[in-house]
Amino acid sequence: SNFFALTGNIQGFAASNHGFSGGVLFNLSINNFFLLFQHGINKFFAHGTFQYGAVIGNIASVFTLVTGVTIFFFLRKKWQQELVLVILCILIPGVSYFYLLIFLLIPLVEYIASEDSNIYITILFALVCSIFTIADKFSYCIVMASLFLFSAYLCVRAIKNIRTGGEKL
């Protein structure tokens, strides 16, 4: 019964903290990524004339949500499904700071328990989890790159599962 109140409160909080504030490089949302992109373009090239960061961010958020929900159903391993949901929880809300990375422990524990051994996935988990101890401008780049690489891996895995009809790869 409180789902809609919760959703409204989250949207209100996100709207009140939208844009450039003191912690802009610590906000991991897709919207913030494109606002940072807009800021960089305006600072170095467009001199304040490029104002489409928020629009591109909204489009990218919807695309990410639809893609994430779609590939969820084509992933066969529990840790991969959990990772998709966690990535969506981090990237979609307008306000998404480093503390949300703690949710990555859920798929990490499942990944370890599954006895999968993929060196690249292990390195990505290690990179992202090492950020728990530090948070600076460099950390933002590491986290966003890791989340992008995780997402790309999961998309490729889902496509392979679709092609093979869900057979174990």
Side-chain angles (χ1 to χ4, degrees), residues 6-72 75 79-108 111 118 120-159:
L6 173 67
T7 304
N9 289 338
I10 290 172
Q11 288 175 340
F13 177 72
S16 69
N17 288 292
H18 190 64
F20 293 100
S21 61
V24 71
L25 280 173
F26 302 111
N27 183 347
L28 301 171
S29 71
I30 292 174
N31 284 331
N32 186 66
F33 176 81
F34 284 102
L35 286 173
L36 284 171
F37 177 75
Q38 172 183 311
H39 180 70
I41 292 291
N42 283 331
K43 185 175 182 180
F44 297 109
F45 302 109
H47 307 293
T49 59
F50 181 74
Q51 299 298 320
Y52 301 105
V55 173
I56 296 169
N58 288 334
I59 293 168
S61 293
V62 170
F63 177 77
T64 301
L65 180 62
V66 170
T67 302
V69 169
T70 302
I71 70 169
F72 173 86
L75 295 169
W79 73 266
Q80 294 171 343
Q81 292 176 327
E82 291 171 350
L83 184 58
V84 166
L85 296 177
V86 168
I87 289 172
L88 292 177
C89 287
I90 294 170
L91 294 179
I92 300 301
V95 177
S96 178
Y97 292 103
F98 273 76
Y99 62 86
L100 288 178
L101 295 178
I102 197 75
F103 290 132
L104 286 169
L105 291 177
I106 298 166
L108 172 63
Y111 172 72
N118 183 322
Y120 302 111
I121 298 301
T122 304
I123 289 170
L124 284 175
F125 271 123
L127 279 173
V128 173
C129 291
S130 69
I131 301 304
F132 291 155
T133 59
I134 55 171
D136 59 11
K137 293 177 186 180
F138 186 65
S139 301
Y140 177 83
C141 296
I142 291 173
V143 169
M144 293 307 284
S146 297
L147 292 175
F148 172 77
L149 291 172
F150 271 137
S151 300
Y153 167 80
L154 294 169
C155 287
V156 168
R157 181 57 52 200
I159 291 168

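Distance alone, capped at 3.5 Å, is enough to place a donor-acceptor pair between the Q81 side chain and the L75 backbone. Under the 3.5 Å distance criterion, the side-chain polar atoms of N32 are matched with a main-chain donor or acceptor of N27. Without hydrogens or angle criteria, S96 side chain to I90 main chain gives a donor-acceptor distance under 3.5 Å.
Contact check for P107 versus F125: side-chain heavy atoms found under the 4.5 Å cut-off. Annotation: side chain of L104 is not in contact with side chain of L108 (no heavy-atom distance under 4.5 Å). Side-chain atoms of L124 and Y153, non-hydrogen and from C-beta on, never get closer than 4.5 Å to each other. The closest side-chain heavy-atom distance from L101 to L28 is below 4.5 Å.
For the side chain to side chain contact (heavy atoms under 4.5 Å, CB included) criterion with S151, the lone passing option out of I87, T67, L88, I71 is I87.
The structure places CG of L83 at 13.0 Å from CZ of R157, a figure rounded to the nearest 0.5 Å. Note that CG of L154 is 11.0 Å distant from CD1 of I159, once rounded to the nearest 0.5 Å. Rounding to the nearest 0.5 Å gives a distance of 11.5 Å between CD of E82 and CG of L105. Atom CZ in F98 sits 11.0 Å away from atom CG in L100 (nearest 0.5 Å). The OG1 atom of T64 sits 3.0 Å away from atom CD1 of I30, with the distance rounded to the nearest 0.5 Å. If you take CG on N118 and CD1 on I123, they are separated by 9.0 Å, rounding to the nearest 0.5 Å.
The two residues I92 and S61 make their nearest non-hydrogen contact at CD1-O, 3.3 Å. The nearest pair of heavy atoms linking V66 to T70 is O-OG1, 2.7 Å.
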Distance-only criterion, 3.5 Å: show the donor-acceptor pairs between side-chain atoms of residues 49-59 and protein atoms not counting sequence neighbours.
unit_1	atom_1	unit_2	atom_2	d
T49	OG1	A46	O	2.8
Q51	OE1	Q38	NE2	3.3
Q51	NE2	G48	O	2.8
N58	ND2	A54	O	3.3

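Relative orientation of the Y111 and W79 rings is perpendicular, given thresholds of 30° and 60° on the angle between their planes.
Side-chain contact check for S29 and N31: no donor-acceptor pair (N or O, by modelled atom type) lies under 3.5 Å.
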